Protein chains: 2
Amino acid sequence: MEKELRRLPDSELEVMQALWELEEPICRAAVEEKLAQRRLAVTTLLTLLTRLSDKGFVRIEKDGRRSRYVPLVSRKDYQAAQSRRFVQQVCGGSISAFASALCDSGLSREELDELRRLLEEDAL
Amino acid sequence: MEKELRRLPDSELEVMQALWELEEPICRAAVEEKLAQRRLAVTTLLTLLTRLSDKGFVRIEKDGRRSRYVPLVSRKDYQAAQSRRFVQQVCGGSISAFASALCDSGLSREELDELRRLLEEDAL
DNA sequence: ATAGATGTACTACAAATGTAGAAGGAGACT
DNA sequence: AGTCTCCTTCTACATTTGTAGTACATCTAT
């Protein structure tokens, strides 16, 4: 971890989320299906995948006419990197500001308790 | 809280951070000084302040030739809103994914402990 | 081989973002 | 009053992001 990954724009992140949820090898149709609610034009999706490839987040494997899309960045690494970014950039690196923000974020008491519990476990 | 605040682009957020750290009334020069390391052209800073005003994050008070800048969104509200966004958008709303991300984020053991402690306190 | 279906590559374009020069108004100094 | 400063408003422009149409290659079923 600690990969210093750039933040992806919203649309591209949505595509990555879809890729992360799918089983490889991933074809365009599968991504499309996963993002069905978005109702993106096929070409739009292809554009986003190409941009993700340009940014090094995805490898496009040509298989004749078809293409396969392979995530090169793991969801875990991305989330970790962005968490760091968030604490630094939004909370100015202040853990107390971060904690307050979480408490006021609208997360339920249960969710906050769960978070605390998980942090405790991982601390072991 | 719960104000559903849009995410600000990096440059604008930096300016907001400066505003939040300054005492009102805030003049351009003060912001400039606070952001000295950025070495922004004066006009660039003014553009960013204007955009923040357009987005409702700042009120520009004319005082003759000078202008004063008043943050209309509190740092706390912004941080809370963005925390929510982060958990939803990046972690897909999964608290466990969020917890893992934090553990792998590069935050030190001490910082994670502090976070846990603060969440506990606030839970009371 | 031919026509329709499919899939990708190119091109396009508006809006948002990052950054800044040019121009013009209002005080300050002489 | 004339000029120098300082400040802000306008305008500008490259890049990024969101979204999609058009053109062309390939497959598939006649």
Side-chain angles (χ1 to χ4, degrees), chain A residues 4-19 22 24-70 73 78 82 85 89-90, chain B residues 4-19 22 25-70 73 78 82 85-86 89-90:
Chain A
E4 196 59 42
L5 298 166
R6 67 190 293 180
R7 185 180 57 187
L8 293 174
D10 293 355
S11 294
E12 287 167 32
L13 176 54
E14 280 183 88
V15 173
M16 278 308 290
Q17 296 282 15
L19 293 179
L22 293 164
E24 287 182 49
I26 306 170
C27 64
R28 194 221 72 221
V31 184
E32 206 173 5
E33 192 185 344
K34 184 63 87 176
L35 297 176
Q37 346 113 65
R38 280 299 310 280
R39 289 250 169 275
L40 293 176
V42 183
T43 49
T44 300
L45 176 55
L46 282 250
T47 297
L48 294 174
L49 285 165
T50 302
R51 288 181 184 167
L52 284 168
S53 165
D54 292 341
K55 293 177 180 174
F57 279 72
V58 164
R59 184 175 59 240
I60 301 180
E61 289 178 355
K62 289 283 160 210
D63 178 16
R65 48 251 137 250
R66 312 277 166 103
S67 291
R68 292 299 170 62
Y69 303 93
V70 184
V73 171
Y78 184 76
Q82 297 315 307
R85 256 183 64 79
Q89 187 183 44
V90 179
Chain B
E4 195 60 42
L5 298 167
R6 66 190 294 180
R7 186 180 57 188
L8 292 174
D10 293 354
S11 294
E12 287 167 32
L13 177 53
E14 280 182 89
V15 174
M16 278 308 289
Q17 296 281 16
L19 293 178
L22 292 164
I26 306 170
C27 64
R28 193 223 72 218
V31 184
E32 206 173 6
E33 192 184 344
K34 184 63 88 177
L35 297 177
Q37 345 114 66
R38 280 300 309 279
R39 288 250 170 273
L40 292 176
V42 183
T43 49
T44 302
L45 175 56
L46 281 254
T47 298
L48 294 174
L49 285 165
T50 302
R51 287 180 184 168
L52 284 169
S53 165
D54 292 343
K55 293 177 180 173
F57 279 72
V58 164
R59 184 174 59 238
I60 301 180
E61 289 178 355
K62 288 284 161 212
D63 178 16
R65 47 251 136 252
R66 312 278 166 102
S67 292
R68 294 298 170 62
Y69 303 92
V70 184
V73 170
Y78 184 76
Q82 297 315 307
R85 253 183 65 79
F86 186 86
Q89 186 185 43
V90 179

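Basis for what follows: all heavy atoms, side chains included, without hydrogens, waters or symmetry-related copies. None of the values given here were measured: they were computed from a predicted structure.
Between the NZ atom of Lys62(B) and the P atom of dG25(C) there is a distance of 15 Å, given to the nearest Å. Atom CZ of Phe57(B) and atom C1' of dA16(C) are 15 Å apart (whole Å). Residue Arg66(B) contributes atom CZ, which lies 10 Å from atom P of dG27(C) at whole-angstrom precision. Atom pair Leu48(B):CG and dA20(C):P shows a separation of 10 Å (rounding to whole Å applied). Distance CD (Glu12(B)) to C1' (dG18(C)): 10 Å, rounded to an integer number of Å. Rounded to whole angstrom, the span from the CD1 atom of Ile26(A) across to the P atom of dG7(C) amounts to 17 Å. Atoms CG (Asp63(A)) and C1' (dG7(C)) sit 12 Å apart, rounded to a whole Å. Between the CG atom of Leu13(B) and the C1' atom of dT17(C) there is a distance of 14 Å, rounded to whole Å.
Applying the 3.5 Å distance criterion, the base of dA20(C) shares a donor-acceptor pair with the side chain of Thr47(B).
Applying the 4.0 Å criterion to OP1 and OP2 of dG27(C), one finds that Arg65(B) has a side-chain N or O inside that range. Taking only side-chain nitrogens and oxygens, Thr44(B) comes nearer than 4.0 Å to OP1 or OP2 of dA20(C).
Counting heavy atoms from C-beta on, the side chains of Arg28(B) and Val31(B) never come closer than 4.5 Å. Using a 4.5 Å cut-off on side-chain heavy atoms (C-beta onward), Arg6(A) and Phe57(A) make contact. Residues Cys27(B) and Arg68(B) form a side-chain contact, since some pair of their non-hydrogen atoms from C-beta on lies under 4.5 Å apart.
For the pair Leu45(A) and Tyr69(B), both in contact range of DNA chain D, the more 5′-proximal nearest nucleotide belongs to Tyr69(B). Each of Gly64(A) and Arg68(B) has a nearest nucleotide on DNA chain D; the 5'-most of these lies closest to Arg68(B).
The environment of CD in Glu33(B) is sparse: at most 12 heavy-atom neighbours from other residues, nucleotides or ligands sit within 6.0 Å.
Formation of a donor-acceptor pair under 3.5 Å by the Glu32(B) side chain with backbone atoms of Leu40(B) is not found in this model. In this structure, the side chain of Ser53(A) does not engage the main chain of Leu49(A) through any donor-acceptor pair within 3.5 Å. Put simply, the side chain of Gln17(B) gets close to the backbone of Val90(A): a donor and an acceptor are under 3.5 Å apart. Of the possible polar contacts, one joining the Tyr78(B) side chain to the Leu8(B) backbone as a donor-acceptor pair under 3.5 Å is found.
Along DNA chain D, read 5' to 3', the first and last nucleotides having any atom under 4.0 Å from a heavy atom of chain A are dT17(D) to dC27(D).
Counting any heavy atom pair closer than 4.0 Å across all strands shown, Ser11(B) reaches sugar-phosphate atoms only and no base atom. Residue Arg51(B) is in base contact, counting any heavy-atom pair closer than 4.0 Å across all strands shown. Among the protein residues, Thr50(B) comes within range of no part of the nucleic acid, since none of its heavy atoms lies under 4.0 Å from any strand. Using a 4.0 Å heavy-atom distance criterion, Arg38(B) is classed as a sugar-phosphate-only contact. Within 4.0 Å of Ser67(A), counting heavy atoms only, lie sugar-phosphate atoms of the nucleic acid but no base atom.
Nearest to the side chain of Val42(A), among dA20(C), dG18(C), dT8(C), sits dT8(C).
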